[in-house]
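What you see is a predicted model, and the numbers here were worked out from it, not measured in a lab. Just so it is clear: chains get the letters A, B, ... in the order the sequence lines come, proteins before strands, and each one is counted from 1.
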Amino acid sequence: MRPRALTCGAAPVEVSREIMELPTRFTPADFEKQIYSDWVASGGFQPKSPVHGEKTYTIMIPPPNVTGVLHMGHALNGAIQDIVIRHRRMCGFSALWLPGTDHAGIATQAVVERKLFEEEKKTRKDIGRDAFVKRIWEWCDKHGDYILEQYRRLGSSCDWSRKRFTFEPHMSRAVRESFVRLFEKGYVYRGARLVNWDCVLETAVSDDEIENVPRKDKLYYIRYPVKGAAAARLGAAGENGEYVTVATTRPETMLGDTGVAVNGDDERYKGLIGKTLVLPLVEREIPIIADESVSTEFGTGAVKVTPGHDPADYERGARHNLPIINILEKNGRINQNGGEFVGMPREKAREAIVKKLDELGLLAKVEDIQHNVPISDRSKSVIEPMVSEQWFVKMKPLAAPAIRAVKSGALKFRPERWTKVYLDWLENVHDWCISRQLWWGHQIPVWYDEDGVPVASRTDLAIGSPHPLTKKPIVRQDEDVLDTWASSWLWPFATLGWPDITDDLGRFYQTQFLSTAREIIYLWVARMVMAGYEFLDHLPEDQRCPFEVCNVHATVLDAKGRRMSKSAGNGIDPIEMIDKFGADAVRYSLILLTKEGQDVKLSPERFDQGFRFSNKVWNAARFVLLNLEGPRTDGSSKSAARLEDRWILSRLDATRREVSNALDTYQLNIAATTLYRFVWNDFCDWYLEIVKPRLLSKTDDSAPAARGTLVRVLTDTLAMLHPFTPFLTEILWKALHETLGQSGVGQRGIGQRPMLMNSTWPTGEDIAHDERAEAEMQTIQDLVAAVRRVRNLTMVGERQRLVALIAAPREVDRAVLKEHSATVRGLAFLESYEVDTRFDRPKGTAVAVAGAIEVFVHLGDDVDFVKLGDVLKKRAEKVRQGITGADAKLSNQGFLDRADPDVVEEERGRRADMVLELEMLERNVAGL
RNA sequence: GGGCGAUUAACUCAGCGGCUAGAGUGCCUCCCCUACACGGAGGAAGUCGGGGGUUCGAAUCCCUCAUCGCCCACCA
C-alpha cells in the first residue's frame, strides 16, 4: 500500500509524518505536551458561552496545598474528576472544572520556616511577622503552581482562567464576610478553653488535626502523701491513711495537679474523700474528690486531676471547682509554676520528676502500657492539652441543615456507607476552634478597644478610630489567623465570586460532583455543606447544598497494603509513572484497578496494563488508518454488508449503552472494563481478523462496508475512550480526521470539530442492536475456538490447512456455518468443510465439540490424540456435573412452582444443550 | 469499647439471589500469519475464610466465629 501523509490538526504538530512510519509502539511522551497546549488553545477547558436553558456541570477541585507534591491519591482523584468532566462536556453540558490551591496555614508556614532556618539559620521570630509573611508569598509565587503543573501532566481539563487560591484578596473578602456574619449572629465566640496545643508550631490545632497513635509507654504509680501523715512512714507498706497512689503516663503534669479523684463507690477510698493530700515536689495541698467518671478498675482507682492539661480532668475540675494551673510555656517547656523544673522541655522534666520521686520513695512502681498518644498531623509532635484564649464557632446550629441535606437526599455519598460517617460526626459535633497562633493565614477580622471589647468588621479599622459599639478608640487587631478550613469551607461558592452574587455563581452553583479522600469528610466536606446552607441565604434551601454527589475515592496503598506516605518512603511518584508509561496509561490503570471506594494496592508494574491497552488501541487505529483507501460506507447498521459488520455494530451499541450508563452513575471502573473488553476481545480479536481478507481483496464488493464499519467503530470507540485516555485518543482522532479529510468522504462525527475533546458523545444513531447477529457470531466463535483447540492439543499448526466435517443437529447452526463458510475457513485455517446433521467419525480425524456442534478434522494417522482425549474427558465431566445440577433443580417441585417461569424455561434449555454436548463428547471420547 | 471495610485461581481483584464462578498478571504448550511479540492461539489452576441459618435455589441475604485493615471514642 502506498504511504500517505499524516498531519495532526491545525497546529503544527511534529507528528506529521508518513502514516506508515507511525511507530508500532505507542510513545506518549511525543504527544502529550503538544496535545495539552492544543486543548488549552482551543478554549475547550472553559465552559461554553452561556445560553438560555443550558445545562451546567461543575466540579470544584479539592484544592491541594500550595506546598504539595502530586501523590498517587491526587493522581487517582484527578483522573476521576477529569473523566467525569470530560464525559459531561462531551454530553453537551457547559462543563466547568475549577482548579486552585489552598494556602494551608500550618503546612506552608512550616515549609518556609524550615527553609529559612536551613538557609539562614533564622527563625520567623528573628525576622518578624511582616518579613516572614512576605517570604511565604515569595515562596508561593515561585513554587505555588508546581502541583497544578503536575495536574496538567495528568491531562486535567481544568479551566485555568478561573484558577483560585484560598488566600488571594477575593477569598480574603469572602472569609471576612463569613466571619463577620457568624460573629453578628453570635455563632462565633471567644473564650479560654482547653485546646490541643502543638508545642513545635506553637499554635492550637483542632480535634480533627490530631491523630491518636498507639505507643508503648510507661504507667507510673506515684504516692501522694495524706496531709499530716508522718513522712518517715511513707516508704512503708500499706496505705492506711498515709498516702494515695495514683497512676499516670504523664508524671510531669503532676506539677499542675489540683486534686485527686476517686469513685465515690470505691470502698478503698471511702474514708479519704474530702481529705487533703500534699502534692509532692510542689508541696501544694489538694483535695480528694469523688467523681463518677473514675473507674475502679483501672490503675489504682485514684486519678490525679490536672485541669490545665487534660480534657477529662478539665471536666472533672469544672465539676468540682478545682483551680486550673498551667505548667507549660507555649514551646512545651515547664513554666514558672514548675518550681525547680522550670525551663525544662517536657520530656526532660518527665525524666527528672520520675527520678526525684523515686529518690523520695514516692514512686511505687512503673508498668509498661500500650495506649494512644495524640500526635499533631502537621508537626508530628505530641499534642499537649493546654488552656488558652481562642475563637470558636458554634457548630450545632450549622450542623442541622447539613444533616438534613443527606436525609432529604439533596446530598448523596458514594459509596453510600460514608453517609453514616458524615452523620455521626455532625450529630456529635464539637465547637470548632478556628483561631491559630500563626502568621500565615487570614488574620481574624476582630479589633479591640482599650477595654478589650472585640468587634468584627468587614473593613479594616484603623488604630485610634472609634470602636463601632463602644466608641472608644481601637487599640489593636487580633493577631491570630483563622484555621485554613475557615477559608476552604467557602470553596464551592467563594471561587465563583461570593459574596457577590455573580453570573458565575448563578450558573455553576450548586456543583454536581465532589470527589475527595475520606480523611477530609469532617475537615472539609461537612464544613462545606454547612457553609453552603449558612451563607447562600439568597437561595432557597433546596438550592444551597454545595454539591449533589460526594465521591469518596479509594485510598492508594503500596504493594504490601500499607498507606503510601512520604515518611515511610513507600510512595509511587505519579509523575515518574507518567514519564514511563504515559498519562493515559496511568489514568486507565488507576481506574481499572479501583472499584469505587475500595482501597487499591499498587506497584509500578501495575501500570503496565494501562500501557498495554493504550498500545493496543494505538495499533488497532493504525490498522484502520492503513486501510482507508477506497470507497467507504457511512458505517451505519443499514449499510452493513456482512454478519460481522452487524455483529460488531451491535456490540458497539451494547458497549455504548453500558459505558454511558456507568459514567452517568459514576461507576468508572465498570465503564473502563467494558471498553477494555470491547476493544480488545470484540474489535481486535475478532472483527479486525475477520475483516482483513475483505480489505485486501480487490474484488470483494463488501470492502466499502468493512472500511465504513471500521471507521465508525473506531470513531465511536475513540470518543468513549477519550475521557479515560485523552491524549492517545486525541492524537488518533487527529490522524483519522486528517486522513479522512483527504479522502473526501464525510462521516458522522468527523469534520465537525477538530478536537475530540470538544466533540460529542456517541448517541448510537444508525446503529442497531442485533441479537441474531450476536447469536450467529457466537456459533462461529465457538466453532473456531474448537478447531483451534484441536490444533493446539494435537500440535498441528495453522500453516497446515485442514479439511473438516461439521455435524450440527440444529438447523440454525447449519445455516450459519454454511452461509459464513469463508469467515469460518479464514479464522480456523480450514481448506474446506462439509456441514450436515450427523457424521460418523472417519478414521484419522480428531474431534472437537463446541456446544451442540461436532467438528471432525482430518489430521492423518501419526497424530497424538492423547491430550485431545484428556481435554474431552475433562470437558465431559464438567458438562455431566452441569446436567446433574440442572436435574436437581428441575426435579425439585419447589423450583418448578416458585421460580420465575423464565428461569425454569432457561434451565430446561440449558439442560437440553448440555445433554446434546455430553452425548457428543462421550461418543468421541469412546471413539478416540 | 463502638462503627466500617476486606477475606473468591500462585498474585492483584471483579462478580453481590438463578448460566458449567470471571478478568489481568504469573505459569505450561505452540506461533514473528503484512495493526500490535508490550502480540496471537490454546491449556492448567478455585471445596468463593470457618460454622450455622433463610430460600425452590447462596460466592451473593441473615447470624456467628476467625484473621487483616481503616475510622471514631477523655479510661488516668
Colleague: Is A:Ser295 touching bases, backbone alone, or none of the nucleic acid, heavy atoms closer than 4.0 Å?
Modeller: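 Base contact - A:Ser295 has a heavy atom under 4.0 Å of at least one base atom.
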
Colleague: What's A:Arg875 touching, base or sugar-phosphate or nothing? Going by heavy atoms closer than 4.0 Å.
Modeller: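 Counting heavy atoms under 4.0 Å across all strands, the contact made by A:Arg875 includes a base.
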
Colleague: Which part of the nucleic acid does A:Lys560 contact within heavy-atom distance under 4.0 Å: base, sugar-phosphate only, or nothing?
Modeller: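 Answer is nothing: A:Lys560 stays at 4.0 Å or more from every strand.
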
Colleague: Counting N and O atoms only, with roles assigned by atom type, does the side chain of A:Thr300 sit under 3.5 Å from a partner on the main chain of A:Ala302, one being a donor and the other an acceptor?
Modeller: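 Flag set: sc A:Thr300 to bb A:Ala302 pair under 3.5 Å.
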
Colleague: Just to be sure I understand the rule, does A:Glu798 reach a base, reach only the sugar-phosphate, or reach nothing, if contact means heavy atoms closer than 4.0 Å?
Modeller: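 Base contact - A:Glu798 has a heavy atom under 4.0 Å of at least one base atom.
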
Colleague: Can you measure A:Lys420 atom NZ to B:C70 atom P for me and round it to whole angstrom units?
Modeller: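 Going from A:Lys420 (NZ) to B:C70 (P), I get 19 Å.
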
Colleague: Any chance you could lay out the ring-ring contact (aromatic ring centres under 6.0 Å, His included) test for A:Trp680 and A:Tyr676, step after step, and finish with the verdict?
Modeller: CA-CA 6 Å; A:Trp680 207 303; A:Tyr676 187 99; 5.4 Å; yes

Colleague: With a cut-off of less than 4.0 Å, is there a side-chain N or O of A:Arg788 near OP1 or OP2 of B:C30?
Modeller: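 Checking A:Arg788 against B:C30: no side-chain N or O falls below 4.0 Å of OP1 or OP2.
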
Colleague: Expressed in whole Å, how much space separates the P atoms belonging to B:U34 and B:G49?
Modeller: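 Taking atom P in both B:U34 and B:G49, they lie 46 Å apart.
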
Colleague: When you measure from the side chain of A:Asp599 to the backbone of A:Val556, do you find a donor-acceptor pair of N or O atoms at a distance under 3.5 Å?
Modeller: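 It does not hold such a pair.
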
Colleague: If you compare every side-chain N and O of A:Lys692 against the phosphate oxygens of B:A35 (OP1, OP2), does one of them come in below 4.0 Å?
Modeller: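 Yes.
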
Colleague: So which one's nearest nucleotide on RNA chain B is more toward 5', A:Val294 or A:Leu593?
Modeller: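 Its nucleotide being nearer the 5' end, the pick is A:Leu593.
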
Colleague: Looking at A:Glu292 and A:Arg316, does any basic side-chain N land under 4.0 Å from a carboxylate oxygen?
Modeller: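 Judged by the 4.0 Å cut-off on N to carboxylate O distance, A:Glu292 and A:Arg316 do not form a salt bridge.
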
Colleague: Using the P atoms only, state how far B:G52 lies from B:C71, rounded to an integer number of Å.
Modeller: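 My reading of the P atoms in B:C71 and B:G52 gives 35 Å.
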
Colleague: Would you indicate, yes or no, if B:G39 has its OP1 or OP2 atom less than 4.0 angstrom from a side-chain nitrogen or oxygen of A:Trp680?
Modeller: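 It does not, given that no N or O in the side chain of A:Trp680 lies less than 4.0 Å from OP1 or OP2 of B:G39.
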
Colleague: Closer than 4.0 angstrom, basic N to acidic O: yes or no for A:Glu629 and A:Arg707?
Modeller: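 No, this pair does not count.
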
Colleague: Are A:Lys616 and B:G40 close enough that a side-chain N or O sits under 4.0 Å from OP1 or OP2?
Modeller: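 For B:G40, OP1/OP2 do have a side-chain N/O of A:Lys616 under 4.0 Å.
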
Colleague: If you find the nucleotide of RNA chain B closest to A:Val600 and the one closest to A:Val784, which residue's nucleotide is nearer the 5' end?
Modeller: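 This one resolves to A:Val600.
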
Colleague: For A:Arg606, which contact category applies under a 4.0 Å heavy-atom criterion: base, sugar-phosphate, or nothing?
Modeller: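 The answer is base, as A:Arg606 lies within the cut-off (heavy atoms under 4.0 Å) of a base atom.
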
Colleague: It should be established whether A:Arg799 places a side-chain nitrogen or oxygen under 4.0 Å from OP1 or OP2 of nucleotide B:C31.
Modeller: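 For A:Arg799, the contact criterion (side-chain N or O under 4.0 Å from OP1 or OP2 of B:C31) is not met.
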
Colleague: With sugar-phosphate meaning primed atoms plus P, OP1 and OP2, does A:Arg677 contact a base, only sugar-phosphate, or nothing at under 4.0 Å between heavy atoms?
Modeller: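 Sugar-phosphate: the residue A:Arg677, judged by heavy atoms under 4.0 Å, touches backbone atoms but no base.
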
Colleague: Within the 4.0 Å heavy-atom criterion, would you say A:Glu689 contacts the bases, only the backbone, or no part of the nucleic acid?
Modeller: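 Touches a base.
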
Colleague: Counting any heavy atom closer than 4.0 Å, what does A:Tyr522 reach on the DNA or RNA strands: base, sugar-phosphate only, or nothing?
Modeller: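 Contact class for A:Tyr522: sugar-phosphate only.
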
Colleague: Base, sugar-phosphate, or nothing: which does A:Leu688 touch, judged by heavy atoms less than 4.0 Å apart?
Modeller: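 Base contact - A:Leu688 has a heavy atom under 4.0 Å of at least one base atom.
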
Colleague: B:A76, OP1 or OP2 - any side-chain N/O from A:Arg250 closer than 4.0 Å?
Modeller: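 Result: no.
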
Colleague: Less than 4.0 angstrom between a side-chain N/O of A:Lys601 and OP1 or OP2 of B:C11, yes or no?
Modeller: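 No, A:Lys601 has no side-chain N/O under 4.0 Å of OP1/OP2 on B:C11.
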
